[in-house]
Amino acid sequence: MRLGISTACFYPQPVEEILPILAGLGVHAVEVFFNTESEFSPRFYEQLGAQARQLGLDIVSVHPYTSLMEGLLLFSDYQRRTEDGLMQYQRYLECAAALGARFFTFHGERDMGHADDPARWARKCGVYRRLCGLAASCGVTLAQENVAWCRSRDPAFLRALYRDVPALRYTLDIKQAHRAGRHPREFIDAVGDRLVNIHINDFSAEQSCLLPGAGTMDYADFFSRLRAAGYSGHALIEVYRSNFTGPDDLARAVRVLSRFLTV
């Protein structure tokens, strides 16, 4: 397993200003979180890709700012909006491919507290299959993340997607599991052999998101479970800007995690 960091840690600092900071921390793998539509334009992301290569950074995954509205864009009953949303995500996937990213992080629908009837479930899985196909045509893999305010908060929902959308892969986020009242092992058990990316963080009884090493997370057990599930991918530190004072704190978190995996 290899350690990296998400640009989301430094939001709202512009993404092109963040890459040199991450390179200075000694990591090479990064996830780029795009924060607005213009950043998905070739003029912007081609320059960003050149900057990453010059800094020796490997952009592992891309995360879109539209994750907040993916249910509305892609899974509503308004078919024309779904088609427009698929075209929009085609552009995003092309951006990810141009940056050399292997994975595209996806949140999906909000959890509105209702189950799907068979017809709605079939339509939803059809959209997932089309998204996976679009991603594959770009050489990218769609990776569903578990998110506390989304349907993906429930391991049973992810098991159903696992069964009906074979091409779908998964991103595991520790803080999101904790916020949903779940242990990370529940998600590993649900989709372990299709995990392709990890968002790594920490938590305590008082705070749901902390820098690795600042909370109560048992990383020895966590990484042991990942290895038992056959996982050998990346673990990308993803916290909020309020969780640290400066790059030295992130460097300390890198050192904590380096005991368990390779930088």
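Every heavy atom of this structure was used, including side-chain atoms; hydrogens, water molecules and symmetry mates were not.
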**Prompt:** What's the verdict on salt bridge (charged side-chain N to carboxylate O under 4.0 Å, His left out) for R185 and D221, showing C-alpha distance, side-chain angles and the deciding distance?
**Reply:** CA-CA 10 Å; R185 67 170 173 265; D221 177 71; 5.5 Å; no
**Message:** Could you walk me through whether E238 and T7 satisfy the side chain to side chain contact (heavy atoms under 4.5 Å, CB included) test, starting with their C-alpha distance in whole Å, then the side-chain angles of each, then the deciding distance to 0.1 Å, before giving a yes or no?
**Reply:** CA-CA 8 Å; E238 188 192 70; T7 64; over 6 Å; no
**Prompt:** Could you state the interatomic distance from CG (D249) to CG (L211), rounded to the nearest 0.5 Å?
**Reply:** 6.0 Å
**Prompt:** Distance from M217 atom CE to F222 atom CZ, nearest 0.5 Å?
**Reply:** 5.0 Å
**Request:** Return yes when atom CZ of R43 has more than 12 non-hydrogen atoms of other residues, nucleotides or ligands closer than 6.0 Å, and no otherwise.
**Result:**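 Result for CZ/R43: open.
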**Asked** Checking ring-ring contact (aromatic ring centres under 6.0 Å, His included) for the pair Y65/F34: CA distance, chi angles, key distance, verdict?
**Response** CA-CA 6 Å; Y65 76 100; F34 285 106; 9.3 Å; no
**Prompt:** Does the separation of the ring centres of F10 and F33 fall below 6.0 angstrom?
**Reply:**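 No.
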**Request:** Could you work out the complete set of other residues in the hydrophobic cluster of V60, with links drawn between I, L, V, M, F, W and Y side chains under 4.5 Å apart?
**Result:** F103, V196
**Request:** Mark yes or no for whether H234, through its side chain, and L236, through its backbone, hold a donor-acceptor pair below 3.5 Å.
**Result:** no
**Prompt:** Is it true that a side-chain atom of N146 and a backbone atom of R153 form a donor plus acceptor pair closer than 3.5 Å?
**Reply:**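 No; zero donor-acceptor contacts below 3.5 Å.
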**Message:** Using the rule given for ring-ring contact (aromatic ring centres under 6.0 Å, His included), can you reason through F104 versus Y89, listing the C-alpha separation, both sets of side-chain angles and the distance that settles it, and then say yes or no?
**Reply:** CA-CA 10 Å; F104 187 88; Y89 271 60; 5.8 Å; yes
**Asked** Which class fits the ring pair W149 and H107: parallel under 30°, tilted 30 to 60°, perpendicular over 60°?
**Response**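 W149 vs H107 ring planes: perpendicular.
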**Item:** Residue pair R91 / S41, side-chain donor-acceptor N/O under 3.5 Å
**Value:**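 Their side chains do not contain a donor-acceptor pair, so the 3.5 Å distance test is not met.
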**Asked** Do E83 and R130 have side-chain heavy atoms sitting under 4.5 Å apart?
**Response** yes
**Sole residue of E31, H63, Q176 in side-chain hydrogen bond (donor to acceptor under 3.5 Å, both in side chains) with H199** = E31
